[in-house]
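Following: one structure in structure tokens, then a few remarks.
Only this structure's heavy atoms are used, side chains among them; waters, hydrogens and symmetry mates stay out. Each chain gets a letter, A, B and so on, in the order the sequences are listed, and its residues count up from 1.
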Amino acid sequence: MICHRRLLVVILSLSGFFLQSCDGDFSPKAPFEQKLVVFSLLSAAQDTQYIQVARTYDVEGFDPFQNRKAPDVTDAEVKVITDDGSVILFQDTAIQRENDERYGIDGHAFMASQFRVLPRTNYQLEVTSPTYGVARASFQTPNAIGIGHLADRNTGAFTVRATSFGAKGFLIRLYAVFTQDQDGNLVELAVEVPRSILNDGTRIYPDVDRLSIRSFSGDVLAAVRGEVITSDTTDSVEEIGMRIIVWSLEPNAYNYYQVSRGFNDRFSVRVDVPDFTNIEGGFGVFGGLLVDTLFVRAL
Amino acid sequence: MVVKSRTLLILLAYSVLLIAHSDVRCQTSFGSVQGVVTDSTTGETLPFANVVLEGTDFGSATNADGLYLISRIPPGRYRVAVSYIGYQIAVRDVIIQFGPSSRLSFALTPEPIELQTVIKTGSRFRRDDQTAVSIHPIGPEELSMVPTAVETDVFRVVRALPGVVSTSDVTAQFFVRGGGGDQNLILLDGMTIYNPFHALSLFSIFDADIIKYAEFQTGGFGVEHGTRLSSVFNIVTREGNRNRVAGKASASFLAGKILVEGPLLFSTGSWMVSARKSYFDGTLKKFVNQPLPLSFYDVVASSTLWFSDSQRFSVHLFVSGDEVRNASELEPNFQWRNRAFGIKYTQPVSNDFLFNVHLSRSFFKGELQQKSSDVRPVESSVEDLYFYANLRSIVRYPNEFMLGFMYRIPRLQYSVINAAGFRVTVDDAVSEAATWMRYKWEKPNKFGIEAGLRLNFLQLVEDVQYAFEPRLSARYNILPFLTLRGGIGRHHQQLITVTNEDDVLPLFEAWVPVVSPFRPEQADHYVAGLESTVWLDVDLSVQGYYKKFRNLVSFNRDKIDRFDPDYVQGKGESYGVEILVRKTSGKSYWWISYTLGWAFKTNNNVRYSPRFDRRHTLNVVSLVRLGKGWEVGLRWEFGSGLPFTQSAGFYDRLQFTGVFDSTYVGEVGAPYTILGPKNRARLPVYHRLDLSLSKEQRIQFLTITAKLSVVNTYDRRNIFYFNRSTGERVDQLPFLPSLNLSVSF
């Protein structure tokens with residue numbers, strides 16, 4: 001009986017003690033640290049390059065859309081240093097956002113003109129903001145792109161092979177090029193050839209891939225040709241050749257591009273999208289792309 | 001080559017068995033007594049009853065089939081006494097002679113409710129002649145003593161044992177000694193049940209009234225058990241009443257159930273059917289702020305035919321279904337179903353061996369349907385055809401043997417819309433086989449050693465992989481009241497569940513096979529401990545464990561594209577100390593279990609604590625039988641905070657849409673949550689007190705039991721999870737009283 005009383009006392013004491021306990025030190029949020037967020041893919045396709053510099057942000061609650069203040073960073077010094085020691089300074093520029101729902105239409109980016117990336121060159125980025133700190137990153141562009149092709153006369157298939165040492169990924173696009181007589185003027189018509197056409201008619205176009213070789217089947221090419229010809233009411237369409245456009249991506253650009261698209265893997269069972277960054281002291285990506293084109297005249 | 005090595009192994013095993021068997025036959029200078037212990041009213045066998053020769057040290061406990069055998073007894077006249085919880089002690093005389101074993105069976109009479117107190121069961125003899133480590137028998141007393149949410153729950157008993165961590169009240173899933181939730185083998189009459197949990201965890205998926213006994217082993221388990229890394233929970237159902245038609249009906253304000261049982265073919269057999277159905281809707285919402293439209297059902301049916309005490313044939317069926325229909329448009333609906341069917345045959349081979357054959361088919365299917373989308377749901381299913389044959393000796397001393405074989409063909413399907421937006425369906429059939437043998441040598445009351453080897457043949461269809469699993473356990477009685485135990489063993493697992501460990505709450509765990517080029521997951525167990533009777537009826541057990549995991553499958557955090565695998569194999573380790581103090585007789589029965597444990601996983605070169613790494617776990621469980629059918633039960637559970645990953649702000653992430661066509665400048669990024677160091681933070685501590693009060697009353701041929709239970713007596717707000725995107729805090733079960741009324745006849 002005494003034992004039962006003791007047990008009861010213990011229970012009541014414990015109950016009282018734990019009724020008072022609280023979760024004061026618990027927070028689902030770690031201390032927020034403001035960091036720079038840098039996005040830039042320098043391209044050999046244009047002479048004007050952009051670097052978008054922003055910052056991380058936090059909100060009072062948990063919904064990031066509570067943040068309506070554009071996280072653009074405008075007070076930074078942004079420069080890219082090349083192999084030969086050249087320093088390219090990027091200037092703060094006003095840009096227009098694609099949609100104005102969250103932050104309004106006016107945005108900022110850093111821009112440099114007369115700057116086109118070259119093959120096999122190192123580029124070092126340094127972003128210094130008096131408010132948000134320093135972010136650094138670097139990459140090396142791949143070697144210049146070489147393009148080879150093979151047309152199989154039996155099957156009608158067209159195969160493209162790209163080479164670009166140092167590249168991790170390629171985007172190989174093929175366009176069937178036609179001319180059409182429009183009121184006496186010969187107009188060029190280029191139709192992208194899909195990688196495949198599904199039974200329901202859905203067209204799957206080439207995407208960035210680690211493979212440097214891409215084949216387009218004769219059936220797909222025939223379908224594209226047939227479509228152009230049947231839609232031609234002037235009866236003047238003439239196929240003049242194939243245009244091959246090859247992009248080569250250095251590893252950082254490739255990695256970020258793929259990860260942000262769910263690994264671009266149609267057979268993966270993963271539903272998560274992890275992060276990739278090569279920015280020291282921040283987030284985002286700094287990478288580069290080369291591009292080359294080859295026109296193959298129809299025989 | 002494969003065939004040769006297999007044949008060689010089988011020949012070797014049989015040679016060992018024959019040599020050992022001849023050794024048994026040489027033990028003819030002593031006599032023995034054997035028989036079966038049953039319930040006189042139902043005819044059901046009673047497992048783990050104490051059988052002793054009064055005035056001697058000879059004794060034994062009945063095995064799972066109610067059979068006992070006491071050997072190496074000097075010839076003479078003895079009194080055999082048999083005791084079992086809730087039954088009157090039976091005593092009979094026997095004359096032991098040289099040569100053939102004397103047969104003596106007992107039919108125990110249940111003790112009237114008014115006189116019932118908790119008495120010691122067969123645990124002492126089981127413990128004394130057992131070499132296995134970390135084994136927890138769960139009998140009627142353990143089942144009845146843990147206060148229940150609504151009904152008696154075998155999983156709540158498990159969660160109160162040392163080494164077991166439970167991460168929430170809302171799911172009955174548990175984690176053993178740093179192992180994952182998928183690493184627990186749950187067997188119901190030999191059938192593997194893949195997701196043995198009902199929604200909200202208020203009800204066990206297995207009705208306690210159908211359970212004859214259960215054994216839960218948290219480490220170093222025997223060679224007959226494989227395919228899982230961390231624990232084996234073996235549940236055996238009752239055969240049913242062999243003497244008359246009986247039944248039980250009960251109802252609470254959440255669910256109702258009915259159980260009917262009776263004899264078959266002039267008491268040469270029996271049958272039993274139990275069915276439950278919930279009617280949560282409209283009742284739970286009174287206690288929980290938001291509506292919880294949950295529903296479940298389960299049905300268990302079995303039938304057994306006896307050809308002799310130890311020769312029998314049984315058929316088993318288990319069906320369950322759960323549905324969770326979230327009211328919120330943003331929350332998905334879930335449903336899952338279990339189906340299992342099995343047949344078992346037990347045949348004695350001479351007087352020394354029992355041969356068991358088991359064939360079963362298990363099926364599990366889970367679905368998660370996002371309401372905001374009309375696409376097909378995420379689905380995971382397992383269909384498992386399983387054959388098992390085992391030959392074991394029933395001789396207690398000095399030798400015991402076992403030889404067995406199993407073959408299974410699990411087919412797993414997983415269908416999901418992946419991160420790239422494509423529906424992916426994976427359909428794998430991965431057959432596996434295993435053979436095992438075990439030898440146990442005993443020096444009564446002093447020393448025992450058990451050595452076994454299990455050889456697994458995995459992925460039989462393609463690229464066969466061999467996995468050797470040596471197992472060794474030993475017992476040494478340092479003093480009559482102090483026993484040292486130890487065990488080591490290797491275990492492999494081919495069927496696993498994989499989840500995104502960054503999710504605050506993994507909603508859906510799909511079963512997938514570990515196929516080539518991956519190796520099956522592996523765990524090495526090292527266990528050592530001391531057991532002692534520190535006071536007349538108080539036992540103390542202190543056990544330390546170390547587990548080393550290899551080939552643990554996790555999401556590949558370094559995956560970039562389709563050329564990288566979805567998963568990587570990493571490693572892990574866990575270690576800790578468990579203390580169990582238990583009072584096992586008298587009117588009050590209690591145990592206190594404490595576990596101090598650490599668990600770590602390493603993959604992609606990151607070492608972190610998995611979400612079930614709980615440093616301190618304490619359970620206090622007590623049952624006081626006040627007499628005249630009154631019982632008071634208590635359970636208090638304390639757990640230190642579980643790991644989680646904090647959010648550390650956001651940034652807007654660009655997709656670079658249009659980078660190859662025009663420009664990405666001006667693209668507005670989508671918010672991306674920055675996560676803090678993986679599982680570095682801890683949730684608040686968990687504690688909860690459950691109480692129950694019950695009264696059993698017999699009125700003519702009816703036994704009426706009323707039970708008042710209170711879950712979370714002091715209404716502690718234990719956090720379940722927080723929603724990372726809304727910050728909403730979801731708590732576990734609040735103060736929840738319930739009243740259950742059952743009538744049995």
Side-chain angles (χ1 to χ4, degrees), chain A residues 3-4 7 11 14-15 18-19 21 23 26-30 32-33 37 39 41 43 50 52 54 56-59 61-65 67 71 95-99 102-103 107 109 171 210 247 255 257-276 283 289, chain B residues 414 416-422 424 426 500 502 510 512 555 557 559-564 566 588 622 624 634 636 644 646-656 659-660 663-668 671-674 676 681 683-685 687 689 713-714 716-717 719 722-727:
Chain A
C3 184
H4 294 165
L7 192 64
I11 294 162
L14 284 173
S15 305
F18 287 106
L19 267 172
S21 64
D23 306 335
F26 165 69
S27 170
K29 286 183 173 184
F32 174 64
E33 196 182 339
V37 180
F39 285 105
L41 294 183
S43 170
Y50 290 90
Q52 288 189 217
T56 57
Y57 58 88
D58 201 6
V59 292
F62 292 84
D63 179 5
F65 289 98
N67 178 50
I95 58 162
Q96 281 202 334
R97 291 198 170 88
E98 283 174 359
N99 78 61
R102 193 172 170 201
Y103 298 131
L171 173 61
R210 217 186 278 193
W247 295 81
N255 290 351
Y257 189 88
Q258 298 293 65
V259 168
S260 65
R261 280 165 176 72
F263 318 109
N264 247 346
D265 183 356
R266 59 185 295 124
F267 299 108
S268 169
V269 294
R270 295 275 293 274
V271 293
D272 62 316
V273 184
D275 201 11
F276 174 85
F283 299 96
L289 322 163
Chain B
Y414 179 34
V416 67
I417 293 175
N418 68 15
F422 296 98
V424 183
V426 181
N500 179 11
D502 286 339
V512 294
F555 275 7
R557 295 285 157 201
K559 179 178 169 80
I560 296 294
D561 60 15
R562 67 190 172 97
F563 295 94
D564 296 323
D566 279 351
S588 65
S622 174
V624 181
L634 168 154
W636 185 70
F644 78 103
Q646 290 176 307
S647 307
F650 307 92
Y651 71 91
D652 293 337
R653 190 157 96 153
L654 297 196
Q655 281 263 313
F656 290 109
V659 67
F660 301 112
T663 178
Y664 60 88
V665 177
E667 181 184 338
V668 179
Y672 188 84
T673 305
I674 302 164
L683 291 170
V685 297
H687 51 88
L689 177 70
T713 308
Y714 50 83
R716 158 77 180 174
R717 284 188 66 210
I719 190 168
F722 67 90
N723 188 323
R724 211 187 278 287
S725 54
T726 64

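Between Arg261(A) and Asp561(B) there is no salt bridge, since no side-chain N of the basic residue sits under 4.0 Å from a carboxylate O of the acidic one. A salt bridge is absent between Lys559(B) and Asp272(A): the closest approach of a Lys/Arg side-chain nitrogen to an acidic carboxylate oxygen does not fall below 4.0 angstrom.
In plain terms, the two heavy atoms of Pro671(B) and Arg102(A) that are nearest each other are CG-NH1, 3.5 Å. Scanning all heavy atoms of the two residues, the minimum distance from Ala419(B) to Gly262(A) falls at CB-CA, 3.6 Å. In terms of heavy-atom proximity, Ser27(A) sits nearest to Gln646(B) at O-NE2, 2.9 Å.
At a 4.5 Å heavy-atom cutoff, the contact between Phe656(B) and chain A is made by backbone and side-chain atoms alike. Using a 4.5 Å cut-off between heavy atoms, Gln96(A) touches chain B through its backbone atoms (N, CA, C, O) alone. Both the backbone and the side chain of Val665(B) have a heavy atom closer than 4.5 Å to some heavy atom of chain A. In this structure, the portions of Val659(B) lying under 4.5 Å from any heavy atom of chain A include both its backbone and its side chain. Of the two parts of Ile674(B), only the side chain, counted from C-beta on, holds a non-hydrogen atom closer than 4.5 Å to a non-hydrogen atom of chain A. Proximity to chain A (any heavy atom under 4.5 Å) is shown, for Ala681(B), by neither the backbone nor the side chain. Interface residue Tyr57(A): backbone and side-chain heavy atoms are both found under 4.5 Å from chain B. Looking at Val37(A), the atoms closer than 4.5 Å to chain B (heavy atoms on both sides) all sit in the side chain, from C-beta outward. The contact between Phe722(B) and chain A is made entirely by side chain atoms (from C-beta outward), counting heavy-atom distances below 4.5 Å. Heavy atoms of Asn67(A) lying under 4.5 Å from chain B are absent altogether.
With Arg270(A) contributing its side chain and Asp566(B) its backbone, the two residues share a donor-acceptor pair below 3.5 Å. Panel note: side chain Tyr664(B), backbone Leu41(A); a donor-acceptor pair is recorded below 3.5 Å.
Ranked by heavy-atom pairs shorter than 4.5 Å toward chain B, the options Asp275(A), Val59(A), Asp58(A) are led by Asp275(A). Chain A forms more heavy-atom pairs under 4.5 Å with one residue of Val424(B), Thr713(B), Asp652(B) than with any other, namely Asp652(B). Between chain A and the options Thr673(B), Val426(B), Leu683(B), Val668(B), the largest number of non-hydrogen pairs under 4.5 Å is found for Val668(B). Taking chain B as the reference chain and counting heavy-atom pairs below 4.5 Å, the highest number among Arg97(A), Arg210(A), Gln258(A) is found for Arg210(A). Chain A forms the most heavy-atom pairs under 4.5 Å with one residue out of Gly421(B), Ser647(B), Gly649(B), and that residue is Ser647(B). The residue among Gly107(A), Ala30(A), Gly61(A) with the most heavy atom pairs within less than 4.5 Å of chain B is Ala30(A).
Two residues are said to be in side-chain contact when any heavy atoms from C-beta on lie closer than 4.5 Å; Phe650(B) and Pro71(A) fail this criterion. Put simply, the side chain of Leu289(A) reaches to within 4.5 Å of the side chain of Phe660(B), judged on heavy atoms. In this structure, the side chains of Arg653(B) and Val273(A) come closer than 4.5 Å at one or more pairs of heavy atoms.
For the side-chain contact (heavy atoms from CB on, under 4.5 Å) with Ile560(B), the lone residue among Asp265(A), Asn264(A), Val259(A) that qualifies is Val259(A).
One finds the CZ atom of Phe39(A) at 10.0 Å from the CD atom of Gln655(B) (value rounded to the nearest 0.5 Å).
Under a cutoff of 6.0 Å and an axis angle of 45°, Arg562(B) and Phe267(A) do not form a cation-pi pair.
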